[in-house]
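Notes for the one structure printed next.
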Amino acid sequence: MIALVKIPFETFCDSEYIWQRQNQFHMRRIFLSLTLIVTAIAHAQQVRPASSGKIYHEIEQLRHLVNVLYVAAHPDDENTRLLAWLVNDKNIRTAYLSLTRGDGGQNILGSEQGDALGLIRTHELMEARKIDGAEQFFSRAIDFGFSKNFDETFKHWNEDTLTSDAVWVMRKFRPDIVICRFPPNSQAGHGQHAVSAIIAAQAFKAAGDKNKYPGQLADYAAWQPKRLLFNAYKFGSFSTTSEDMFKIKVGQYNPVLGMGPGELAGLSRSAHKSQGAGTPSVPGIQTEYFKLVDGTPFSTSIFDSIDMTWGRVGRPDIGEYLKTIANDFDFLNPDASIPALLALRKKIAAVPDDYWRTEKLGELDQVILDCSGFMAELFTKQPQAVAGASLSFTLHAIARGKEPVYLKSINWQGISTPENINISADTLVTLEYNITIPDNTPITQPYWLSKNHSEGLFTIPDTRLLGMPETPDELNEELVITIGGQDFKVKAPLSYKKLDPVKGDIVEQMRIVPGATVAFTSNLLITHPDGSVQAEVRIRSYKDITDGSLTIAGNKSVVATLNGLNMPAGTDTMVSVAIGSSSIAQQGSGDFNLVAQLSASGKVYNLSQHIIQYNHIPTVQYFTEPVAKVLRPDWKCTAKRIGYIEGAGDLVPAFLRLAGLEVDILRESDLTNANKLKKYDAIITGIRAVNVEKRMPYWLPVLFRYAENGGTLIMQYNTLQDLSTTKIGPYPFTLTNDRVTEEDANVTFVDPKSRLLNYPNKITNEDFKEWVQERGLYFTSKWDDKYKPLFVMNDTGEKPLSGSTLYAKVGKGNYIYTALSFSRQLPAGNTGAIRLMMNMLSVGK
């Protein structure tokens with residue numbers, strides 16, 4: 001049986017398939033492409049001039065012909081102090097290559113995991129780069145979680161593929177110096193850290209060899225960096241530094257910034273908010289340590305034997321000319337430098353070296369536009385559109401300097417419209433007109449998520465995208481600006497703008513969406529006792545849908561079809577589908593997937609839309625296949641009502657509700673008296689609850705009394721960082737950083753007769769098959785004798801660990817501390833983990 005309900009869009013702003021957070025307008029700096037076209041960083045929806053301090057830095061950077069590439073494994077691995085020093089003190093173009101996007105990390109802000117978390121961390125890293133001024137690259141590697149050595153890491157990552165990726169970045173960016181954050185061994189502390197050093201060393205040797213990865217040479221010439229360095233570090237009591245290493249003093253106060261690199265680094269690193277990576281801004285001079293790994297030795301500077309000046313291209317006169325421009329720069333009247341900068345543009349245009357001519361002309365064009373005070377924005381009033389749509393847009397343009405600036409023409413999709421408008425003298429020019437989005441415009445999504453990928457590597461749809469932090473925004477008007485008789489091409493991205501009553505202007509990328517999206521309201525479904533299953537499908541139409549057909553298929557046959565769907569644009573249609581037991585039986589035994597798609601007017605719509613919004617990053621969207629995993633319940637649970645204390649964000653409560661349990665999220669008013677908790681058969685604390693919930697020291701005594709009175713308290717893992725209290729159990733135990741990262745690690749039962757392993761489900765080794773990412777993390781140690789460990793497990797070659805799960809009787813009730821990664825296993829539909837959790841919930845019933 002199929003039922004339909006049509007509902008306006010806004011009703012579903014908090015739906016399960018759209019992760020909604022508050023949005024915030026993010027101003028972006030602009031940079032220049034290597035084709036001499038001034039463009040904005042993607043999602044930098046306004047073209048805005050830099051401050052005088054930033055312009056002065058840009059002029060100083062023009063004087064240096066040298067690049068530095070920093071290499072590590074994850075967002076927040078980079079040494080932001082060193083990056084900030086190189087960029088802002090030495091005025092050297094610097095970039096960070098992170099092998100991964102941090103997909104396997106943890107999230108203290110919300111429930112996003114995997115690809116979604118990687119998308120958040122990508123944008124956090126880009127926010128960090130805007131603060132410290134460096135640039136950003138990525139390889140195609142997927143962060144699959146913590147690994148203890150590089151051998152384990154290379155089981156997930158193809159070594160040659162990642163070496164090729166790093167070579168691509170080196171040939172594209174052409175660094176003279178490559179710096180690794182980690183050593184290539186166990187001192188790195190993480191297998192992926194060590195691999196980043198191994199890959200950097202291999203790429204360093206291969207980048208200059210034309211016989212290595214010759215397919216890249218059509219885009220970028222072979223390039224040999226001068227030297228490869230290891231940037232040693234001290235983390236707490238652990239140190240990889242030694243006094244015989246080369247040392248550099250950094251942290252000197254920069255009056256243009258109003259702070260030193262150490263202070264700027266704290267701001268940059270604190271952008272990694274999903275990781276709880278808030279970092280102090282430390283003033284004062286500090287020491288950086290370096291060791292030569294490969295390349296030319298050095299003695300006085302890491303830039304020894306590298307000509308960083310314009311003498312590198314045979315034009316020392318340009319360097320002297322730039323020195324004069326910098327000395328004469330007027331911070332109160334930056335436009336006074338424009339005539340000299342325009343003359344410099346002609347000098348650089350005559351430089352024979354293609355790379356440095358292109359690079360420096362791009363940087364110079366940016367400086368000239370900044371000096372002119374040029375600003376432009378192109379916006380509409382709707383956040384998304386389909387390809388082929390016609391929208392009303394407003395263009396604002398203005399220049400604030402004394403030098404005359406003209407909007408010569410506007411180019412859209414190859415069609416040029418002459419304007420010849422004087423936009424200087426600080427007078428805003430407003431133009432309004434309609435723009436038609438080309439029919440072949442692709443939907444807005446991260447390129448690395450546009451295709452299915454393996455466990456360890458993303459699929460890159462176009463090699464030219466490799467290394468880019470995000471998908472380039474191709475929806476731009478090209479504004480031709482004339483300054484001093486010379487033309488500049490500026491890309492103004494199509495944007496969505498609205499006025500928020502609290503935040504003011506919000507300006508975001510206008511997103512392109514399919515004509516319709518399809519999504520199951522839950523990505524997990526559980527069959528009823530009679531073998532049938534109930535599925536809810538949401539269809540969102542962004543254009544008129546006529547005579548559409550919805551099909552839901554299992555792994556062997558179509559289980560439901562609904563024809564004659566008519567939906568006007570802007571409609572959400574809820575389709576309730578009852579799938580009979582006979583159709584379910586046809587899919588074979590075991591769990592299986594259902595896939596939904598909508599067909600209409602010769603087109604197939606088979607994407608689910610996900611939107612992520614947080615205050616500290618731009619609004620982003622991505623798409624997945626409309627899939628729901630169907631579970632045939634092989635478990636029992638005698639608990640009925642559960643209380644849940646939220647932690648750092650996980651999907652365990654949603655799963656428990658799906659499994660038929662009544663779950664209440666507990667608030668402070670619920671935790672003032674243990675008697676209020678008697679109605680719950682069990683209470684669970686979310687992951688890292690003691691880390692993120694600062695009221696836990698007051699709540700835990702109440703929870704312990706609840707257990708003493710006969711309740712069951714289950715505490716999921718916490719980390720050692722920033723615990724609100726160390727008394728997290730009724731009896732003492734110690735947390736550690738111990739973990740088992742091999743998701744298929746052997747598990748031994750300490751007491752096979754334990755009630756937790758036998759009631760109401762018999763737990764066997766079969767229940768530990770097909771776990772994802774890891775067994776568990778932040779195990780316990782040195783526990784009180786009243787606790788009984790449940791399991792022993794270990795990674796290959798390491799000592800057995802018995803602190804993954806502790807159980808203790810507390811008065812009439814029970815306390816369980818478990819470091820097993822239920823927060824990953826339950827949302828993934830892992831039946832064995834579900835059975836074990838049901839036993840924990842039922843232990844007191």
*Only one of Glu124, Glu127, Lys273 clears side-chain hydrogen bond (donor to acceptor under 3.5 Å, both in side chains) with His616; which?*
Glu124
*Give me the one residue out of Arg824, Gln825, Arg739 that meets side-chain hydrogen bond (donor to acceptor under 3.5 Å, both in side chains) with Glu774.*
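Testing each of Arg824, Gln825, Arg739 against Glu774, the sole residue satisfying side-chain hydrogen bond (donor to acceptor under 3.5 Å, both in side chains) is Arg824.
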Close side-chain approach of [X] and [Y], heavy atoms under 4.5 Å:
| X | Y | result |
| --- | --- | --- |
| Tyr289 | Tyr233 | no |
| Gln202 | Val167 | no |
| Thr471 | Thr444 | no |
| Pro297 | Asp304 | no |
| Glu743 | Val772 | no |
| Glu470 | His123 | yes |
| Asp219 | Thr463 | no |
| Glu78 | Leu125 | yes |

*Apply the test side chain to side chain contact (heavy atoms under 4.5 Å, CB included) to residues Thr122 and Gln136: give CA-CA distance (whole Å), side-chain angles for both, the deciding distance (0.1 Å), then the verdict.*
CA-CA 10 Å; Thr122 292; Gln136 187 62 50; over 6 Å; no
In terms of side-chain heavy atoms, does [X] have a donor or acceptor partner in [Y] at a distance below 3.5 Å?
| X | Y | value |
| --- | --- | --- |
| Thr619 | Glu508 | yes |
| Asp160 | Tyr213 | yes |
| Glu288 | Asn79 | yes |
| Asp77 | His190 | no |
| Glu152 | Thr741 | yes |
| Ser495 | Gln45 | yes |
| Asp650 | Ser823 | no |
| Thr100 | Gln192 | no |

*Kindly state each residue pair satisfying salt bridge (Lys or Arg N to Asp or Glu O under 4.0 Å) with at least one member in residues 451-464, sequence neighbours excluded.*
Asp462-Arg464
[atom2] on [Y] to [atom1] on [X], rounded to 0.5 Å:
| X | Y | atom1 | atom2 | value |
| --- | --- | --- | --- | --- |
| Ile460 | Tyr447 | CD1 | OH | 5.0 Å |
| Thr296 | Gln224 | OG1 | CD | 8.5 Å |
| Glu359 | Leu65 | CD | CG | 9.0 Å |
| Ile512 | Gln509 | CD1 | CD | 8.5 Å |
| Thr241 | Phe230 | OG1 | CZ | 9.0 Å |
| Ile177 | Leu69 | CD1 | CG | 11.0 Å |

*Check the angle between the aromatic planes of Phe290 and Phe246 and answer parallel, tilted or perpendicular using the 30° and 60° thresholds.*
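Plane angle between 30° and 60°, so tilted.
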Any donor-acceptor pair under 3.5 Å linking the side chain of [X] with the backbone of [Y]?
| X | Y | result |
| --- | --- | --- |
| Ser196 | Val71 | no |
| Asn830 | Glu770 | yes |
| Thr279 | Ala277 | yes |
| Arg269 | Asp76 | yes |
| Arg121 | Pro75 | yes |
| His453 | Leu449 | no |

_Please report whether the ring centroid of His193 lies less than 6.0 Å from that of His74._
yes
_Using side-chain hydrogen bond (donor to acceptor under 3.5 Å, both in side chains), reason through Thr240 and Gln187 one step at a time and then give a plain yes or no._
CA-CA 7 Å; Thr240 61; Gln187 283 191 311; over 6 Å; no
_Cation-pi check, Arg101 onto Phe138 ring (under 6.0 Å, within 45° of axis)_ =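 Yes, Arg101 lies over the aromatic ring of Phe138.
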